[in-house]
Amino acid sequence: MLSLRNFWRRHRSKILITASVLGSGYFLYRLYNAREQRLADMEREFARQRANDELIKAQLQVHFENVQLIADTTTLPHAMQYLRSRIAEELDLSQLTERLQKGKGKPYTLTSSEKLELWDRLKILSFTQMVVSLWAVTILSLYIKVQVNILGRHLYIDTARGLGSSLLLENVDLIDRDDQQKFLAGADFLANNGLLALISNIQAVVTEVIEGKKLIDLFNTTSFHETVMQILDKFMSVGSLHQWIDYLMSEDSGHSKLGTSSSIDDTVLPNSTNFDQLMVEARTVLSSAEFGKIMGISLKVAVDALVEDMEAQCQSTGASLTSGIPLAKLLSRVMQIVPSLLREASQNQFIQIIWTVPEVELFFTLLYANNLVD
């Protein structure tokens, strides 16, 4: 016992230092081990988030493709069929052509002034019918794409918010189905409500542009292209900057609530229904400078396709639009091309050509994907 005390007395400082070192080492070991555990937990969390992000991206791509398919195979064909019947109803030129045919077969049934008046009306109305069809088909197809992308994005966000949840899209229905259907049914507003004003205003511009052109005047591919573009440019410049939107959707559908909002992120409205929100977002997109550019590009592409189709149509009968044909003969071609403009969506070359324009594809990809982040 005495020797133990002597040992402690002689080596106490060394023992205390050794114990202190060992204790500090153990503490540091525990601290290091806890830090390593936290890092491992963080790495596992990051890996889970990365896997989650990859899953979201994969679901995003699949859902985006499904949204486009819905637009192309369901919404657009229905709207196109209805628009076609309404244009045929409001711009029926059969009585005019029948009277002219009778006057041609029986020269004394029409006076010279009556013939001239009928030809003038046919000239104005045939160009009106063609430009109305071209404008309506182009803009309606773009508008429907906007609708389904906005709706699809909302439904996807509702799903992605719960992902940590692995919810399937079908299990999320936060936007009432009645609101969804009501929103997509808005594609018929043009045929139901906006068409008469559209026809009237385009007819006024057509009259201004071609009234002075005589039936013997020659039209070639260049002059025909310039005439159609002049009509469209003048029509789009009439009234306020975005007045044309009122042909597609009710003037008060989100208009008063929109205020000065310039992006979708600014359109969250207090005390608004899902339907109100969807309509406001649609008007915001249509009013944007980006959509204005896409609309201009699409109309130009459609006119280019129209001129090519007219040239092919003329060549099939031995004529040549490149060399030039009299306006009187051109009018029959103008009337004959309208059915192809209003053809069912899957067989409509004008719509298909617009969808292949890179700028149009990119616009709708960004519209859908860029706004997934709240």
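Computation of the quantities below employed the complete heavy-atom set of this structure, encompassing side-chain atoms and omitting hydrogens, waters and symmetry-equivalent molecules.
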Q.
Check for me, please, whether Leu83 and Tyr143 land in the same ILVMFWY cluster - side-chain distances under 4.5 Å, paths through other members count.
A. yes

Q. Taking only residues two or more places apart in sequence, or in another chain, which ones meet His78 in a side-chain contact (heavy atoms from CB on, under 4.5 Å)?
A. Asp188

Q) Okay, side chain of Asp92, backbone of Ala88: is any donor-acceptor separation there less than 3.5 Å? A) no

Q: Can you tell me which residue pairs pass the salt bridge (charged side-chain N to carboxylate O under 4.0 Å, His left out) test with a partner in residues 231-242, sequence neighbours excluded?
A: Glu208-Lys234

Scan the side chains in residues 325-340 for donor-acceptor partners under 3.5 Å anywhere in the protein, sequence neighbours excluded, and list what turns up.
| residue | atom | partner | partner atom | Å |
| --- | --- | --- | --- | --- |
| Ser332 | OG | Lys329 | O | 2.9 |
| Arg333 | NH2 | Thr317 | OG1 | 2.8 |
| Ser340 | OG | Ile337 | O | 2.6 |

(Q) Under a 3.5 Å distance rule, please check whether Asn348 uses its side chain to pair with a backbone N or O of Leu341 as donor and acceptor. (A) yes

Q: Could you check if a side-chain atom of Thr74 sits within less than 4.5 angstrom of a side-chain atom of Leu184, using non-hydrogen atoms only?
A: no

Q: Tell me, please, which residues at least two apart from Glu114 pass salt bridge (Lys or Arg N to Asp or Glu O under 4.0 Å).
A: none

**Q.** Common cluster, Met249/Tyr82, ILVMFWY with side-chain heavy-atom separation under 4.5 Å
**A.** no

**Q.** side chain to side chain donor-acceptor pair (under 3.5 Å) partners of Ser223, counting only residues at least two apart
**A.** Asn220

Q: Treating Ile, Leu, Val, Met, Phe, Trp and Tyr as nodes and any side-chain heavy-atom pair under 4.5 angstrom as an edge, say whether Leu299 and Leu140 lie in one connected cluster.
A: yes

Q) Can you name the side-chain contact (heavy atoms from CB on, under 4.5 Å) partners of Val206, sequence neighbours left out? A) Ile124, Phe127, Thr128, Ile202, Ile210, Ile231

Q: Report the residues that fulfil side-chain contact (heavy atoms from CB on, under 4.5 Å) with Ser346, sequence neighbours left out, ordered by chain and then residue number.
A: Glu344

Q) What distance separates Ile351 CD1 from Lys145 NZ, expressed to the nearest 0.5 Å? A) 10.0 Å

Q: Nearest 0.5 Å please: distance from the CG atom of Leu241 over to the CE atom of Met236.
A: 8.5 Å

Q) Can Gln349 and Asp309 be said to form a side chain to side chain contact (heavy atoms under 4.5 Å, CB included), step by step? A) CA-CA 10 Å; Gln349 64 164 329; Asp309 210 32; 3.3 Å; yes

**Q.** His242 side, atom NE2; Phe291 side, atom CZ - distance, nearest 0.5 Å
**A.** 10.0 Å

**Q.** Polar side chain donor-acceptor pair, Asn193 to Tyr247, under 3.5 angstrom
**A.** no

Q) Could you give all pairs that pass the salt bridge (charged side-chain N to carboxylate O under 4.0 Å, His left out) test and reach residues 123-144, with sequence neighbours left out? A) Asp120-Lys123

Q | Approximate separation, where rounding is to 0.5 Å, of Leu198 CG and Ser200 OG | A | 9.5 Å

(Q) Rounded at 0.5 Å granularity, tell me how far CG in Leu190 sits from CD1 in Ile139. (A) 10.0 Å

Q.
Between Gln147 (side chain only) and Phe183 (backbone N and O only), is there a donor and an acceptor less than 3.5 Å apart?
A. yes

Q. Under 4.5 Å between any side-chain heavy atoms of Arg343 and Val137, yes or no?
A. no

(Q) Does any part of the side chain of Gln313, heavy atoms only, come nearer than 4.5 Å to the side chain of Leu321, both counted from C-beta? (A) no

**Q.** Shortest non-hydrogen contact from Glu251 toward Asp246
**A.** CA-OD1, 3.7 Å

Q | Joint cluster assignment, Val238 & Leu248, ILVMFWY side-chain distance < 4.5 Å | A | yes

**Q.** From CA spacing to verdict: side chain to side chain contact (heavy atoms under 4.5 Å, CB included), Met130, Leu306
**A.** CA-CA 10 Å; Met130 179 185 68; Leu306 174 71; 3.9 Å; yes

Q. In chain order, what residues pass the salt bridge (Lys or Arg N to Asp or Glu O under 4.0 Å) check against Glu89, with sequence neighbours excluded?
A. Arg86

Q | Closest heavy-atom pair and its distance - Leu93, Ser126 | A | CD1-CA, 3.8 Å

(Q) How long is the straight-line distance from OG1 of Thr111 back to CD of Glu117, given to the nearest 0.5 Å? (A) 8.5 Å

**Q.** Any donor-acceptor pair under 3.5 Å from Thr356 side chain to Ile353 backbone
**A.** yes

Q. Given the rule in the side chain to side chain contact (heavy atoms under 4.5 Å, CB included) test, do Asp178 and Phe275 qualify, once you have shown the distances and angles that lead to the verdict?
A. CA-CA 9 Å; Asp178 288 340; Phe275 174 72; over 6 Å; no

Q. What side-chain hydrogen bond (donor to acceptor under 3.5 Å, both in side chains) pairs are there with at least one residue in residues 293-302, not counting sequence neighbours?
A. Lys300-Asp304

(Q) Is it true that, when you exclude Gln347 itself, more than 12 heavy atoms of the residues, nucleotides or ligands shown sit nearer than 6.0 Å to its CD? (A) yes

Q: Quick one: list whatever passes side chain to side chain donor-acceptor pair (under 3.5 Å) with Ser112, sequence neighbours left out.
A: none

Q) Do Ile87 and Leu196 sit in the same hydrophobic cluster, where Ile, Leu, Val, Met, Phe, Trp and Tyr count as joined when their side-chain heavy atoms come under 4.5 Å apart? A) no

Q | Non-hydrogen side-chain atoms of Val131 and Phe235 separated by less than 4.5 Å | A | no

Q: Could you pull out all residues at least two apart from Asp217 that satisfy side-chain contact (heavy atoms from CB on, under 4.5 Å)?
A: Lys213, Lys214

Q: Please answer whether the main-chain N or O of Ser320 pairs with a side-chain N or O of Gln315 as donor and acceptor at a distance below 3.5 Å.
A: no

(Q) Is the shortest side-chain heavy-atom distance between Trp355 and Ser141 below 4.5 Å? (A) yes

**Q.** Side chain proximity check, Leu122 to Leu118, heavy atoms < 4.5 angstrom
**A.** no

Q: Check the pair Asn149 / Val285 against side chain to side chain contact (heavy atoms under 4.5 Å, CB included), numbers first and verdict last.
A: CA-CA 11 Å; Asn149 274 275; Val285 173; over 6 Å; no

